[in-house]
Amino acid sequence: MSLKNVIRPISGHHSIREAVISLFLVNPILNVSRFEELIKEAFKDYFQKFDKINTIEFEVRHEKGVLSQKPALVEDAGFKFSRFDEGKTTAIFQGQNEMNRTLVSFHNLDYLRWGDFIKDYFFILDNIKTYLNENQVSAIGLHYVDQFLWISKEPIDVSLLFKPNGPYLPKEFFESQNANFILTTEKTIGNDNFTNRLQVKTESKVSPSITISHNLIRRLNKSSDLNSLTAEEGLKNVINAAHEQNKSLLAQLLKDDVKELISLK
């Protein structure tokens, strides 16, 4: 059976549905309205839309044995820049104050090449970092979502994609039609802590597909401002290293003909 007759990478020549770089901040983002001026200046040729983000928070209290939830609207909880191509969202840069964390993230939904992705990211970062100079970065994340569409009328056969004796997927994964395997590991390298989260999911009902989500987060031993992180390409080196780890993980997961199909080297 020809592999091309049963699976199709979501993006044609590669399988990347979304690539995300995140910076986790020590303090909340203040005065999100001020970011809007960038859509008229530095970002005017890249992003087409600016939005302020509002969120709903739920508070759970224990009163005489009764749990109650009280939703509250949090206005100006963050900002979002969006880029479109023929009505389709192709890129997002956003900052958001969540209940337990604050982060700024760049989402590429029309990924072509790593070099283009990094170039766009640092163009955005160079223009926005002065707006974040009151803050510190505590962690750096790189998240890839790869997806393969199952185009055969036969049931999904994950053994056509994944190595049966690889270091990650258990035997039971290969025996299920709708599997959702999640593995989270933590380790310390030097002075920094790493969290590595892998999720491999099959969906056979509505739109048959196989999805690989890999999220690597490096927590810095010492928080740093963006100017220091970008000096001497320190941040770029961290992100490049995470990219190589992602490729290494995929190489251990996927069979050789699948790697050839998506040009993974």
Nearest heavy-atom contact between S152 and E154 is OG-N, 3.0 Å
Which residues pass the side chain to side chain contact (heavy atoms under 4.5 Å, CB included) test with P170, sequence neighbours left out?
E172, F173, F181
With hydrophobic residues grouped by side-chain heavy-atom distances under 4.5 Å, do I118 and V104 end up in a single group?
yes
Would you list the pairs meeting salt bridge (Lys or Arg N to Asp or Glu O under 4.0 Å) in which at least one residue belongs to residues 252-265, sequence neighbours left out?
D256-K259
Between W114 and N240, do the side chains contain an N or O donor and an N or O acceptor separated by less than 3.5 Å?
yes
Is there a donor in the side chain of S209 and an acceptor in the side chain of E203, or the other way round, less than 3.5 Å apart?
no
Decide whether V238 and L220 are clustered together by the hydrophobic rule: side chain heavy atoms of Ile, Leu, Val, Met, Phe, Trp, Tyr closer than 4.5 Å, transitively.
yes
K247: partners by salt bridge (Lys or Arg N to Asp or Glu O under 4.0 Å), with sequence neighbours left out
E244
Please determine whether a side-chain nitrogen of the Lys or Arg among E98 and R101 lies less than 4.0 Å from a carboxylate oxygen of the Asp or Glu.
yes
Where do L216 and T195 land on the side chain to side chain contact (heavy atoms under 4.5 Å, CB included) test, with the steps shown first?
CA-CA 6 Å; L216 179 66; T195 298; over 6 Å; no
Name all residues meeting the ring pair (Phe, Tyr, Trp, His ring centres under 6.0 Å) criterion together with F35; count only those two or more places apart in sequence or in a different chain, and write none if there are none.
F79, Y131
Rounded to the nearest 0.5 Å, how far apart are CD1 of I7 and CG of L261?
5.5 Å
Taking only residues two or more places apart in sequence, or in another chain, which ones meet R34 in a salt bridge (Lys or Arg N to Asp or Glu O under 4.0 Å)?
E134
Give a yes-or-no answer on whether the side chains of S204 and N178 include a donor-acceptor pair shorter than 3.5 Å.
yes
Only pairs at least two apart or in different chains count here, so list each salt bridge (Lys or Arg N to Asp or Glu O under 4.0 Å) that has a residue in residues 109-123.
R113-D116
Do any N or O atoms from the side chain of Q96 and from the backbone of G78 form a donor-acceptor pair under 3.5 angstrom?
no
Is a side-chain N or O of S15 found less than 3.5 angstrom from the main chain of P9, in a donor-acceptor match?
no
Hey, could you give me the CG/CG distance between L254 and L160, rounded to the nearest 0.5 Å?
12.0 Å
Residues clustering with F24 (ILVMFWY side chains joined when closer than 4.5 Å, directly or via others)
L103, I217
Could you walk me through whether F122 and K236 pass the side chain to side chain contact (heavy atoms under 4.5 Å, CB included) check?
CA-CA 9 Å; F122 278 95; K236 185 177 291 186; 3.8 Å; yes
Please determine, by modelled atom types, if N193 and T188 share a side-chain donor-acceptor pair under 3.5 angstrom.
yes
Indicate if V200 and L183 have the same hydrophobic cluster label, given that clusters are the connected sets of ILVMFWY residues with side-chain heavy-atom separations under 4.5 angstrom.
yes
L23 and I140: CA distance, side-chain angles, deciding distance, side chain to side chain contact (heavy atoms under 4.5 Å, CB included) verdict:
CA-CA 5 Å; L23 299 179; I140 303 162; 3.9 Å; yes
Please report the shortest heavy-atom distance between K163 and A251, naming the atom on each side.
NZ-O, 3.0 Å
From Q252 atom CD to L169 atom CG, the distance as rounded to the nearest 0.5 Å:
11.0 Å
Can you name the side chain to side chain contact (heavy atoms under 4.5 Å, CB included) partners of T102, sequence neighbours left out?
L25, P28, I29, N97
Identify the heavy atoms of Q48 and I39 that sit nearest to each other, and give their distance.
C-CD1, 4.0 Å
Can you list every pair that meets salt bridge (Lys or Arg N to Asp or Glu O under 4.0 Å) and has a residue in residues 209-229, with sequence neighbours left out?
D192-R218
What's the shortest heavy-atom distance between S82 and I92, and which atoms?
OG-CG1, 4.3 Å
For Y111, the ring pair (Phe, Tyr, Trp, His ring centres under 6.0 Å) test, sequence neighbours excluded, returns H14, F117, Y144
Rounded to the nearest 0.5 Å, how far does CD1 of I239 lie from CD1 of I21?
4.0 Å
Hphob cluster co-occupancy, L109 + F47, side-chain heavy atoms under 4.5 angstrom:
no
Is K201 atom NZ crowded by more than 12 heavy atoms from other residues, nucleotides or ligands, each under 6.0 Å away?
no
If you round to the nearest 0.5 Å, how far is CZ of F93 from CZ of F106?
8.5 Å
Smallest heavy-atom separation, I156 atom then P208 atom, equals CD1-CB, 4.3 Å
Is there a path from I262 to I10 through hydrophobic residues (I, L, V, M, F, W, Y) whose side chains come within less than 4.5 Å of each other?
no
Heavy-atom donor-acceptor pair, S11 side chain to I16 backbone, under 3.5 Å:
yes
Using every non-hydrogen atom in the two residues, find where S223 and V26 come nearest and quote the distance to one decimal.
OG-CG2, 3.5 Å
Taking side chain to side chain contact (heavy atoms under 4.5 Å, CB included) as the definition, give me every residue that meets it alongside N27, ordered by chain and number, with sequence neighbours left out.
N135
In sequence, state the C-alpha distance, the side-chain angles, and the governing distance for Q199 and N180, and then conclude on side chain to side chain contact (heavy atoms under 4.5 Å, CB included).
CA-CA 7 Å; Q199 180 178 21; N180 186 10; 2.8 Å; yes
Are the charged groups of K49 and D51 less than 4.0 angstrom apart, N to O?
yes
If only side-chain N and O atoms count, and only distance matters, is there a donor-acceptor pair under 3.5 Å linking D146 with H214?
no
List for me each residue that meets side chain to side chain contact (heavy atoms under 4.5 Å, CB included) alongside F123, sequence neighbours excluded, and say none if there are none.
F43, Y46, N127
